[in-house]
Every structure is written in structure tokens, then in C-alpha cells.
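Each chain gets a letter, A, B and so on, in the order the sequences are listed, and its residues count up from 1.
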Amino acid sequence: MSDLRSVLGEALGEAFARAGLAASFGRVTASDRPDLADFQCNGALAAAKAAGRNPRELGQQVADALASDSRLEAVALAGPGFINLKVSTGALSARAAEIAADPRAGAALVDAPRRVLIDYGGPNVAKAMHVGHLRSSIIGEAVKRLYRLRGDEVIGDAHFGDWGFQMGLLIIAVFDEHPDIAARLGPLETDPAGFSDADRAAVDALLSAKIGLDDLDRLYPAAAARAKAEPPYRDRARRATAELQEGRFGYRLLWRHFHDVTRAALERDFHALGVDFDSWKGESDVNDLIGPMVEALRKKGLLVADEGAQIVRVAREGDKREVPPLLVVSSEGSAMYGTTDLATILDRRHTFDPALALYVVDQRQADHFETVFRAAELAGYARAGELEHVGFGTMNGPDGKPFKTREGGILKLRDLIEMTTAKARERLHEAGLGGALEPQAFEDTALKVAVATLKFADLSNFRGTSYVFDLERFSSFEGKTGPYLLYQAVRVKSLLRKAEEDGAAPGPIAIAEPAERELALALDGFEHALAEAYEKKAPHFVAEHAYRLAQTFSKFYAACPILTAPQAVRGSRLTLAAAALRQLQTALDVLGIATPERM
RNA sequence: GACCCCGUAGCUCAACCGGAUAGAGCAUCCGCCUUCUAAGCGGACGGUUGCAGGUUCGAGUCCUGCCGGGGUCGCCA
């Protein structure tokens with residue numbers, strides 16, 4: 001089961017090989033000139049250059065070798081040596097039938113599945129998610145689904161930021177605000193003996209009643225600001241952080257509550273966005289690994305003292321810039337975020353043991369990851385190429401700067417979703433869509449439209465570039481938008497429902513009309529879009545395909561009546577329509593976009 | 001200052017190891033609903049790919065320089 005492009009590429013590769021040239025010259029691409037051909041091969045030009053031969057002559061030789069191929073209706077040499085291929089109607093019908101019968105809608109599996117870990121989302125304790133988390137979550141989720149669809153064993157890890165200085169800050173902030181909590185937990189130092197289940201339940205009840213995510217979200221920024229301005233306050237927080245990490249029991253209880261209450265709220269928010277993690281391992285989980293790891297680094301001679309800190313030098317001969325060392329232990333003796341990252345790599349090596357770990361994190365941290373990855377290689381925790389930073393640009397406001405609210409604050413993700421959902425309701429009403437739906441179904445549709453709006457807008461751009469958030473444009477039902485794609489999917493669903501009511505059954509595919517031909521070729525292009533997206537960790541190739549497919553279908557829908565066609569034609573077109581729907585939904589599912597039944 | 005990314009139609013973006021006539025969407029204009037969801041489809045208009053050189057039969061793509069924008073440059077993550 002392969003796409004036409006690959007199959008034809010193999011045939012051409014053989015022809016090149018018979019001519020004594022590398023089979024890789026047979027690489028086939030979609031035609032630049034759809035008026036002339038379906039596919040083309042430019043290999044004769046490069047091969048002729050390499051072999052010192054005439055490109056047209058060589059191209060003709062290769063073309064002649066394919067002249068009798070029954071899958072091809074025409075093989076023609078054009079221009080300086082392009083080989084143009086037009087697929088026969090029979091082969092195209094057969095390929096379309098194959099895709100229609102495929103539960104995977106034409107998506108192939110990789111030859112050698114790997115274990116892949118995707119590190120994305122990056123939520124933190126006590127911090128409600130804001131727009132800064134949006135891209136990592138959306139892109140990471142899409143990459144995870146893409147790799148899984150292609151057959152890899154994939155774990156999506158939220159890499160929960162649940163450790164470090166901000167925990168100390170929160171502890172003292174909560175103690176200051178709630179003397180009763182301070183009185184109950186403050187004295188509990190190291191000995192949990194005598195702390196009964198009933199005591200634990202009482203503490204849990206106390207904390208649940210008094211401290212919610214909103215409180216943490218309010219306390220944290222205030223405490224962080226105060227620590228910056230008041231060294232004594234900062235020092236208290238540092239001490240609390242150190243005591244927490246050393247295991248002070250009362251602090252651990254409080255910390256556990258921070259952790260649990262945040263995670264529950266975040267999971268809900270993420271889920272509403274269609275983002276679900278397989279693992280919520282946090283920075284705290286590797287805390288106990290850090291001590292031994294530091295020792296091991298020292299023994300290996302990698303750790304050196306510098307300016308009062310302990311560092312691992314990672315600069316290499318031939319570096320164009322000065323690559324800073326990894327700061328493992330600060331001059332105050334504490335672990336840095338790079339330390340935690342390194343320990344996390346070690347932990348993953350011991351547990352999931354991924355062949356590839358992808359870090360879906362803001363592009364601005366590229367240098368940091370370069371340093372960490374080099375240190376991991378030096379320490380023997382990973383080999384070159386096993387760790388990769390999948391960076392992305394920022395989502396900007398109309399001013400071209402990272403998105404802020406009108407007041408200049410950071411927009412919470414929940415508010416962004418609510419804003420987009422409100423716009424979706426408005427647009428649905430404007431369009432007179434969804435009027436027949438029950439209120440609950442309407443809300444469900446509005447949320448799906450909102451998620452499609454946000455995600456498609458993000459994923460249709462190459463991840464590396466920044467983009468300007470423009471709700472008016474993104475939420476439009478016209479053009480290259482999420483809502484347009486949902487609309488197309490819903491139209492097909494409606495059509496198929498109607499066909500079923502009429503008792504019209506799908507039948508064998510027989511490509512005849514140009515619009516059918518185009519649709520079949522679009523369906524065939526799915527696999528290549530997936531492969532491209534997979535290789536480059538760039539979901540926009542899938543988004544691009546989804547859009548092209550929807551548009552090609554719409555053209556077909558307009559040009560080819562289905563329910564009113566003669567039975568055989570109707571059967572063929574119904575099968576094509578069902579295949580298009582399944583593939584569109586599969587593509588949208590990779591992007592993390594769900595389609596409603598009606599709108 | 002050093003290094004990295006970006007600069008493509010009026011606007012927002014694509015362009016598959018260097019290939020034919022650089023493609024979409026929005027906006028503007030012209031057509032198409034007694035027919036399956038017209039929030040659709042077809043067509044038109046729109047380009048010195050930031051500038052200047054170089055390599056090549058061929059450059060948006062590779063190399064050099066310059067201009068403009070963004071980012072990063074150890075004890076916050």
C-alpha cells in the first residue's frame with residue numbers, strides 16, 4: 001500500500017539504475033504543471049550533470065523504459081529534461097479504492113517504528129496557562145498525534161514545572177496569608193511518625209477549602225515581585241525552597257496540594273483544547289536523581305568549578321559562537337533548570353528509553369537546549385541526534401510583539417478560548433447555522449469551531465515563524481480557516497446521511513470527470529504530506545493538505561452531482577466522498593481538531 | 001559587539017536534496033443557487049521574491065557583502 005508518487009518513484013529509480021545511475025534520481029514530485037501532467041521527475045537533469053551526459057537524451061532513455069507501464073497513460077519529456085507522468089484512469093481508480101477501503105485513509109506506517117517522547121505544554125504549578133503555552137501545546141499535541149499515526153510508540157509528557165524557587169515563594173506567601181495553615185503545617189518538620197490518615201484528611205480538607213488555583217495564581221506574581229524588591233523576603237523563600245527539597249514534611253504536604261490542585265485544573269483546560277498528556281512527570285520527580293547525577297558528573301571529570309559555581313563545559317572546536325557551559329550547581333548550591341533538564345534526560349533513559357526526544361519549546365530557548373543536549377551527550381545520557389529542540393515563534397498581537405491584553409497583561413488561555421468561543425457563536429448565528437441544534441449541541445459545536453479556529457490558525461503557519469493573532473480573520477468561515485474545514489466536513493457528513501436515508505449505497509470507484517480525477521490525486525497526496533510533516537516536525541504540511549483536500553472536495557461537490565446521478569456513478573461518487581471525509585477527519589485529528597456532526 | 005531566525009502580491013502566509021509559467025487565502029471586480037449545507041464554486045486583477053554581487057545550463061532556495069525587523073548571549077525558567 002503506497003502512494004502513487006512513491007510507486008512511480010520506484011519505477012523511475014529502476015530505470016535510472018538500469019542506465020547505470022543512482023536510483024535516487026528517480027524521485028517523483030507532484031507536477032508543477034497540472035495542465036501537462038500529474039507527476040514529474042527532474043532527476044534526469046541532475047543525473048546528466050553528474051554523469052556528464054545530455055539531459056534530454058538521458059531523460060528520453062528513462063522515459064522509454066516506462067512507456068509500456070500500464071499505470072501510466074502518458075510519459076513525456078519536456079523542457080530541458082523533465083519527465084512528465086500522467087497516471088492512467090485505471091491506476092488512479094484503483095488507488096482511490098485502496099484509500100477508500102483503508103481505515104487509515106491512505107496514511108502509511110514508518111518502516112521502523114521508534115520510541116519517541118514529546119516534551120510539550122510546559123505547564124507550571126500555580127500559574128494558570130496563558131497564551132505563551134498555547135503554541136507548545138498545540139504544536140506538541142499535533143506532533144504527538146502525527147508520530148503516533150505513523151506507527152511510532154509515543155509518549156506525550158507535560159514536563160510539569162512543579163519544583164524550584166517558585167514553590168518556596170508560594171509556601172511563604174500562603175503561610176503569611178493563612179496563619180492557621182502556617183500553625184498547622186509549619187511545625188511539621190521531618191518526622192511524619194504519628195501523622196495519621198485522619199490528620200492527613202484534615203489537612204487536605206483545610207487546604208482544599210482555602211487554597212484554589214485562583215489563589216495560587218494571585219499569590220505567585222505578588223510574591224515574585226516582592227522577592228525581587230525585598231532581599232529578606234527572597235531569602236525566606238530560598239530557605240523554604242531548600243527545606244522543601246530536603247523533605248520538610250509540612251512543606252511537602254502544602255506543596256502536594258499546590259501540585260494536585262494545579263494539575264486538576266490544568267488537565268481540564270488542556271482537555272477542552274483537545275490536548276491530553278500521557279505523562280505528567282514533573283521536575284520534582286527527578287529531584288532525587290540530581291545528587292547522584294552531580295556526583296557521577298564529577299567522577300567523570302565533566303564537572304568543574306568556575307566563578308563559585310559547578311559547570312560542565314560544552315564548547316567545541318569550531319563553534320562559531322561562544323557556547324556557554326551548563327550551569328549544574330549554582331554558587332549558592334542549588335540546582336538550576338538546566339540541571340533538572342539533564343536529570344530528566346537521564347530519568348527518561350532509565351524509564352521509557354526513547355530513540356528520539358522532541359522538545360516543543362519556544363525558539364528563544366534554542367541556545368539553552370544546545371547546551372543541555374551537548375552536556376547529555378558528554379555524560380553519555382544520549383547520542384547525537386536523539387534529542388531535538390522543535391522550536392517555534394511567538395504568537396503576536398497587532399503590534400507585532402508577543403500577544404498581550406489591552407491592559408498590557410498576559411492573556412490567560414481560558415480567556416482566549418472563551419473569547420474565541422464567543423466569536424464562534426456569533427459567526428454561527430450570523431450564518432444561520434446551528435439554529436436547529438439543541439442548546440447543548442450548539443455549545444458543543446461552538447467550542448469545536450473555536451478550537452478549530454485557534455489550532456488551524458496556528459498550525460497552518462510553519463512553526464518556526466511568528467504570527468499575528470487576528471481573531472476576525474481566523475474565525476471567518478471563508479478562506480483558509482479552521483471553521484471552513486469544519487464546514488466542509490459537515491457538508492460531507494450531511495450528504496452521506498442523506499444518501500443513507502435514500503438507500504443509496506456506495507459502489508466501486510470509477511474515475512471519469514476531471515473533478516473526480518483531481519480529488520483522487522489529492523487523496524493520494526496525503527501520505528506525502530504526512531511524511532513531510534513527520535520528517536520536519538512541521539504540522540503545517542498536514543494543515544496544508546487538509547485545506548487542499550477540502551477545497552478539492554468542494555470543487556468535486558460543485559461539479560459532480562451525487563445523489564441524483566445514475567446508480568453506478570452515484571455509488572462511485574459516494575465512495576469517493578466517504579474516503580474524502582475519512583481522510584479529512586484523519587488529517588484534522590492529527591491537528592487535534594474534532595469535527596461536529598452538524599452545524 | 002558576536003551569533004541565530006526572518007524579509008515573497010495591498011494584507012496574512014506557502015513553495016517537497018537548486019528546475020518549467022513563484023502558489024494559496026483575504027481584499028477588489030465579473031459570473032453561477034427550481035439540484036446533495038452558496039459560509040460554496042468558477043474566472044479576472046495583483047510579483048524586479050529587501051538591495052548588490054557571485055556559483056550554476058538553471059537561484060525565492062546555495063555563497064559573500066549591505067539594509068531592515070525579531071531573538072539569544074551562565075547563577076529566573
For [X], answer base if it contacts any base atom (sugar-phosphate contacts may also be present), sugar-phosphate if it contacts only those atoms, and nothing otherwise; contact means non-hydrogen atoms under 4.0 Å.
X      : value
A:T481 : nothing
A:E430 : base
A:A78  : base
A:F165 : nothing
A:D306 : base
A:A30  : base
A:L428 : base
A:C560 : base
A:V329 : nothing
A:N84  : base
A:T29  : base
A:E370 : nothing
A:Q40  : base
A:E307 : base

Check your understanding: Looking at B:rC16, does its base get a donor-acceptor pair with the side chain of A:R5 below 3.5 Å?
Key ->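 Between B:rC16 and A:R5, which were checked side chain against base, a qualifying N/O pair under 3.5 Å is present.
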
May I ask you to evaluate whether [X] reaches the phosphate of [N], defined as a side-chain N or O under 4.0 Å from OP1 or OP2?
X      : N      : answer
A:R321 : B:rC73 : no
A:Y484 : B:rC41 : yes
A:S494 : B:rU37 : yes
A:S554 : B:rU37 : no

For nucleotides [N] and [M], find the distance between their [atom1] atoms and express it as a whole number of Å.
N      : M      : atom1 : result
B:rA15 : B:rU8  : P     : 14 Å
B:rU49 : B:rG60 : C1'   : 5 Å
B:rC4  : B:rG65 : P     : 11 Å
B:rA44 : B:rA59 : P     : 28 Å
B:rC5  : B:rC41 : P     : 38 Å
B:rG7  : B:rA14 : P     : 8 Å
B:rC76 : B:rU61 : P     : 43 Å
B:rC36 : B:rG18 : C1'   : 46 Å

Specify the separation, in whole Å, of atom [atom1] of [X] and atom [atom2] of [N].
X      : N      : atom1 : atom2 : result
A:R548 : B:rA15 : CZ    : P     : 12 Å
A:K498 : B:rC36 : NZ    : P     : 7 Å
A:N42  : B:rG19 : CG    : P     : 7 Å
A:Q363 : B:rG70 : CD    : P     : 17 Å
A:F469 : B:rC13 : CZ    : P     : 14 Å
A:Q488 : B:rU37 : CD    : P     : 12 Å
A:R598 : B:rU37 : CZ    : P     : 11 Å
A:F553 : B:rG40 : CZ    : P     : 14 Å

Indicate whether the side chain of [X] and that of [Y] have a donor and an acceptor atom separated by less than 3.5 Å.
X      : Y      : result
A:T394 : A:S466 : yes
A:E518 : A:T552 : no
A:Q245 : A:N287 : no

Review point. On RNA chain B, nearest-nucleotide positions of A:H368 versus A:G464: which is more 5'?
Key: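 So the residue in question is A:G464.
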
Review point. When the nearest nucleotide of RNA chain B is assigned to A:N461 and to A:F477 on a heavy-atom basis, which residue is associated with the more 5' position?
Key: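 Upstream on the strand: A:N461.
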
Please determine, for the side chain of [X], which listed nucleotide ([options]) has the closest atom?
X      : options                : value
A:K480 : B:rG19, B:rA24, B:rG74 : B:rA24
A:K555 : B:rC41, B:rC76, B:rC36 : B:rC41
A:D32  : B:rA15, B:rC16, B:rG74 : B:rC16
A:K49  : B:rC41, B:rA77, B:rG18 : B:rG18
A:Y557 : B:rA14, B:rC36, B:rC75 : B:rC36
A:I562 : B:rA77, B:rC17, B:rC36 : B:rC36
A:Q551 : B:rG25, B:rU12, B:rC36 : B:rG25
A:F82  : B:rG40, B:rG25, B:rG19 : B:rG19
A:R364 : B:rU37, B:rG71, B:rG40 : B:rG71

For the aromatic rings, using the six-membered ring if either is Trp, is the centroid distance between [X] and [Y] under 6.0 Å?
X      : Y      : result
A:Y484 : A:F456 : no
A:Y359 : A:Y120 : no
A:Y337 : A:H368 : yes

Mate of [N] where both pairing distances stay under 3.5 Å, Watson-Crick or G-U:
N      : answer
B:rA22 : none
B:rA44 : B:rU28
B:rU64 : B:rA52
B:rU35 : none
B:rC3  : B:rG71
B:rA9  : none

Check your understanding: Between A:E513 and A:R517, does at least one N-O distance fall below 4.0 Å, as a salt bridge requires?
Key ->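 Here A:E513 does not pair with A:R517 in a salt bridge, since their nearest N and O are not under 4.0 Å apart.
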
Check your understanding: Out of A:R226, A:K228, A:R234, which one pairs with A:E230 under the salt bridge (Lys or Arg N to Asp or Glu O under 4.0 Å) rule?
Key ->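 Single salt bridge (Lys or Arg N to Asp or Glu O under 4.0 Å) partner of A:E230 among A:R226, A:K228, A:R234: A:R226.
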
Check your understanding: Do A:R570 side-chain atoms and A:P561 backbone N/O form a donor-acceptor pair below 3.5 Å?
Key ->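 Side chain of A:R570 to backbone of A:P561: no pair is present.
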
Exercise for review: Hey, can you tell me if A:F160 and A:W280 have their rings parallel, tilted or perpendicular (30° and 60° cut-offs)?
Suggested key: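 Perpendicular: the ring planes of A:F160 and A:W280 meet at over 60°.
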
Check your understanding: How would you label the glycosidic angle of B:rC33: syn (within 90° of 0) or anti?
Key ->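 Judged by the O4'-C1' to base torsion, B:rC33 sits in syn, the angle falling within 90° of 0.
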
